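For reference, the structure discussed in these notes is given below.
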2 protein chains.
Amino acid sequence: MKASTILLRELAELAPLFDQLRADGLRRRQLTLPRRRLLMFLHHEGPLRSSDLAQRLAITPRAVTALVDGLVVTGYAERRPDPTDRRAMFVELTDSGTAICVDMQNSFDNFASQLFAGIDTNELDATVQTITTIRRNLEQLLVA
Amino acid sequence: MKASTILLRELAELAPLFDQLRADGLRRRQLTLPRRRLLMFLHHEGPLRSSDLAQRLAITPRAVTALVDGLVVTGYAERRPDPTDRRAMFVELTDSGTAICVDMQNSFDNFASQLFAGIDTNELDATVQTITTIRRNLEQLLVA
DNA sequence: ACACATAGTGTAGGGTATTCACTAATGAAG
DNA sequence: CTTCATTAGTGAATACCCTACACTATGTGT
């Protein structure tokens with residue numbers, strides 16, 4: 001069996017299992033996976049316009065509206081009009097949204113350490129390189 | 001930044017992008033991602049009872065029922081009573097279900113080759129090892 | 001025989017996503 | 001300065017995934 005086939009299958013199967021393991025923490029924080037994804041995106045990138053979020057997350061603008069609605073209800077994010085374009089809205093984290101992101105980042109780090117315990121450091125570094133390359137390839141394919 | 005943190009983040013972000021790229025092929029085949037996942041699982045493992053599917057896919061039995069319902073409608077899978085336990089149902093692929101799996105496996109292989117082009121073979125092998133280990137760790141954590 | 005556990009599904013409800021249609025605002029051309 | 005096409009965001013309708021809970025039918029152990 002080709003290595004590429006196995007790798008892709010492993011990566012594809014990894015995600016749903018991984019998601020399952022995070023379900024509890026998400027529920028505890030009144031979050032869902034897509035909402036968490038958007039939240040952490042804002043945490044890393046700063047305030048963004050809805051249309052930019054749609055592009056970066058590779059979902060429709062309508063889906064962004066729905067996700068942001070949910071985050072607004074729980075008080076993790078806010079909409080702010082774009083002063084340079086009265087049609088557009090910026091989405092930004094509230095203080096509690098930022099706090100929850102910091103908190104989740106810590107949990108994430110702990111979980112990562114635990115999950116990768118027993119894997120050689122060099123091996124881990126090499127894997128990071130490869131996976132990063134693959135993600136960039138994917139993003140390229142999505143643009144095209 | 002720790003390698004483990006980066007790797008976990010990359011893996012988490014890889015999945016939704018990856019899913020997006022497969023959306024077209026799935027629509028063309030009248031499938032969704034979770035239904036495809038169940039279908040390929042049967043393709044690789046053979047007929048399974050609903051409860052076993054729930055366990056292996058890490059979803060609730062009720063979710064399995066719903067997914068199988070969808071696959072029955074499109075004619076890709078069938079239910080067959082377990083002769084040794086009248087409560088239980090086996091789920092198995094139909095001929096057209098098997099055909100679609102073979103077809104998808106080919107597309108999958110082609111896509112994999114394309115996606116990993118330019119990545120060193122040894123590097124790829126090493127990554128497969130690492131990721132496989134990680135998936136096994138994950139499955140262990142889910143059982144616990 | 002009885003209590004208890006297990007297998008699968010109906011019901012109800014929340015969440016993610018899409019498509020299409022619509023409003024408001026922008027921007028480019030005459 | 002008007003059209004006129006385009007863009008930003010959202011309402012409406014729809015499909016799907018998933019969960020929790022309740023229920024029926026069946027199996028299991030004492």
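Chain letters run A, B, ... following the sequence lines, proteins first, then strands; residues in each count from 1. Any value given below was found using the heavy atoms of this structure, including those in side chains, with hydrogens, waters and symmetry copies removed. Because the structure is predicted, anything quoted here is derived from the model rather than measured.
Taking the side chain of A/Pro34 as heavy atoms from C-beta on, and the options C/dG8, C/dT26, C/dA17, the nearest nucleotide is C/dA17. With distances taken from any side-chain atom of A/Ser50 to the nucleotides C/dG8, D/dC17, D/dG9, the minimum falls on D/dG9. Across C/dA17, D/dA8, C/dG15, the shortest atom-to-atom separation from the side chain of A/Ser51 is found for D/dA8. Set against D/dA25, D/dC18, C/dT26, the side chain of B/Arg87 has D/dA25 as its closest nucleotide.
Residue B/Arg37 is classed as having no contact, given no heavy-atom separation below 4.0 Å to the nucleic acid. Note on A/Asp82: nothing from the nucleic acid sits closer than 4.0 angstrom, heavy atoms only. Nucleic acid contact class of B/Arg79 (heavy atoms, under 4.0 Å, all strands): sugar-phosphate only.
Checked by atom type, the side-chain pair B/Asp125/B/Gln129 shows no donor-acceptor distance below 3.5 Å.
The aromatic rings of A/Phe111 and A/Phe18 sit parallel to each other, their planes meeting at less than 30°, with 60° as the upper class boundary.
If you measure from atom CD of B/Gln30 to atom C1' of D/dC16, you get 14 Å, rounded to the nearest angstrom.
Contacts between residues 60-71 of chain A and DNA chain D, defined by a heavy-atom separation under 4.0 Å, are made by A/Pro61, A/Arg62, A/Thr65. Remark: nothing in residues 12-21 of chain A comes within less than 4.0 Å of DNA chain C through any heavy atom.
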